[in-house]
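What follows is one structure encoded as structure tokens, with my remarks underneath.
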Amino acid sequence: MLKQNGYAQYQNAKIMTASPAELTLMLYEGAIKFGNIAILAMENKDPAKAHENVVKVEKIIQNFRETLDKKYPVWKDFENVYVYLLRRCHESNIAKDPVIMEEVVKHLRSMRDNWKEVMKKVASDKSNPQALAKIAGGQNNRVGYTVSKTAAMRRTGT
């Protein structure tokens, strides 16, 4: 019990001190993890566990979608990708088809890897201290923010 409480405190501290960019990375990692769990559950003929984890992936993708910053023209491209991934999650969940879920996880991995590259490039650009602060910071996080609030911070860069 004590170990679990310590781990939960560590995870909470990690989230509350993370920069908006790090929070985005954590969400990608979570979606990939839950997608992999759903795939295993489908392969092991455990529909309840598969459903539970596909829904978690869908919630993360929906959060990404809802927090898109529409002041940048590329938002529509991301919107289309998120809509597609949500549709594929739904199809995978109905059919309990691990192949479809593997496709979703593959796309999420690619997006996560691209995000990591963006983080590296911004961190190495010493000529843009504002962007660097947003990537490496975390000072603007507040205790009590929900995932959707932190995602909104992440998307707006505050």
Side-chain angles (χ1 to χ4, degrees), residues 7-42 47-98 100-123 130-131 133-158:
Y7 180 74
Q9 288 175 345
Y10 166 77
Q11 285 296 97
N12 188 47
K14 185 176 172 184
I15 291 168
M16 298 316 297
T17 60
S19 69
E22 291 166 332
L23 291 170
T24 299
L25 182 60
M26 287 179 202
L27 287 170
Y28 278 123
E29 295 288 354
I32 292 165
K33 172 185 151 188
F34 297 132
N36 286 330
I37 293 169
I39 291 165
L40 287 173
M42 289 174 195
K49 188 172 184 176
H51 172 78
E52 175 185 335
N53 284 282
V54 170
V55 168
K56 289 177 182 179
V57 174
E58 290 173 332
K59 286 181 179 181
I60 291 171
I61 294 169
Q62 186 61 35
N63 183 272
F64 282 146
R65 185 175 176 218
E66 290 171 355
T67 58
L68 283 170
D69 190 339
K70 294 180 180 167
K71 70 180 177 183
Y72 301 105
V74 73
W75 82 268
K76 190 63 175 163
D77 295 329
F78 280 96
E79 167 78 5
N80 291 336
V81 170
Y82 295 145
V83 167
Y84 174 78
L85 291 176
L86 286 168
R87 186 180 85 235
R88 294 300 281 166
C89 282
H90 185 74
E91 291 168 354
S92 176
N93 204 5
I94 289 173
K96 298 299 182 256
D97 186 339
I100 298 172
M101 200 65 213
E102 286 172 3
E103 175 196 348
V104 172
V105 170
K106 178 183 170 188
H107 289 299
L108 290 169
R109 277 192 198 108
S110 176
M111 295 173 81
R112 179 215 42 208
D113 293 346
N114 286 333
W115 185 249
K116 284 182 179 180
E117 287 302 312
V118 168
M119 290 174 69
K120 284 180 192 175
K121 284 187 180 189
V122 171
Q130 287 180 326
K134 289 177 185 173
I135 294 291
Q139 300 89 345
N140 292 328
N141 294 334
R142 302 282 188 265
V143 174
Y145 275 173
T146 63
V147 170
S148 61
K149 287 181 184 175
T150 55
M153 284 177 41
R154 168 182 42 82
R155 294 290 190 213
T156 60
T158 58

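All values below were derived from every heavy atom in this structure, side-chain atoms included, with hydrogens, water molecules and symmetry-related copies excluded.
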>> Among residues at least two apart in sequence or on other chains, which ones pass side-chain contact (heavy atoms from CB on, under 4.5 Å) with V55?
In response: H51, E58, K59, N93

> Does any non-hydrogen side-chain atom of M111 lie less than 4.5 Å from one of W115?
Replying inline: no

> To the nearest 0.5 Å, what is the distance between CZ (R88) and CD (E103)?
Replying inline: 4.5 Å

> Is the count of non-hydrogen atoms from other residues, nucleotides or ligands lying under 6.0 Å from K96 atom NZ greater than 12?
Replying inline: yes

>> Please determine whether salt bridge (charged side-chain N to carboxylate O under 4.0 Å, His left out) holds for the pair E117 and K121, giving the CA-CA distance in whole Å, both sets of side-chain angles, and the decisive distance to 0.1 Å.
In response: CA-CA 6 Å; E117 287 302 312; K121 284 187 180 189; over 6 Å; no

> Rounded to the nearest 0.5 Å, how far apart are OH of Y84 and CD1 of I61?
Replying inline: 11.5 Å

>> Within this structure, what is the CD-CG distance for the pair Q62 and L86, rounded to the nearest 0.5 Å?
In response: 5.5 Å

> Say you draw a straight line from CE of M101 to NZ of K106; how long is it, rounded to the nearest 0.5 Å?
Replying inline: 14.5 Å

>> Can you tell me how far apart CD (E102) and CD1 (I39) are? Round to the nearest 0.5 Å.
In response: 4.5 Å

> Does the side chain of V81 reach to within under 4.5 Å of the side chain of H107, using non-hydrogen atoms?
Replying inline: no

>> I need the I32 CD1 to S110 OG distance, nearest 0.5 Å.
In response: 9.5 Å

> Can you check side-chain contact (heavy atoms from CB on, under 4.5 Å) on L108 and R112, steps first, answer last?
Replying inline: CA-CA 6 Å; L108 290 169; R112 179 215 42 208; over 6 Å; no

> Under the side-chain contact (heavy atoms from CB on, under 4.5 Å) test, which residues partner E79, sequence neighbours left out?
Replying inline: R65, L68, W75, K76, V83

> Are F64 and Y28 close enough that their ring centers fall under 6.0 Å?
Replying inline: yes

> With sequence neighbours left out, what residues match D77 under side-chain contact (heavy atoms from CB on, under 4.5 Å)?
Replying inline: V74

>> For V54 versus A38, what's the shortest heavy-atom pair and its separation?
In response: CG2-CB, 3.7 Å

> Which heavy-atom pair separates M42 from A50 by the least distance, and what is that distance?
Replying inline: CG-CB, 3.6 Å

> Around atom NZ of K56, are there more than 12 heavy atoms of other residues, nucleotides or ligands at under 6.0 Å?
Replying inline: yes

> Please walk me through it: do E91 and D97 pass side-chain contact (heavy atoms from CB on, under 4.5 Å)?
Replying inline: CA-CA 8 Å; E91 291 168 354; D97 186 339; over 6 Å; no

>> If you compare all heavy atoms of C89 against all heavy atoms of V104, which two are closest, and at what distance to 0.1 Å?
In response: SG-CG1, 3.8 Å

> Where do I37 and K49 come nearest, in terms of heavy atoms and distance?
Replying inline: CG2-CE, 3.7 Å

>> On a heavy-atom basis, which atom in V57 and which in A31 lie closest, and how many Å separate them?
In response: CG2-O, 3.4 Å

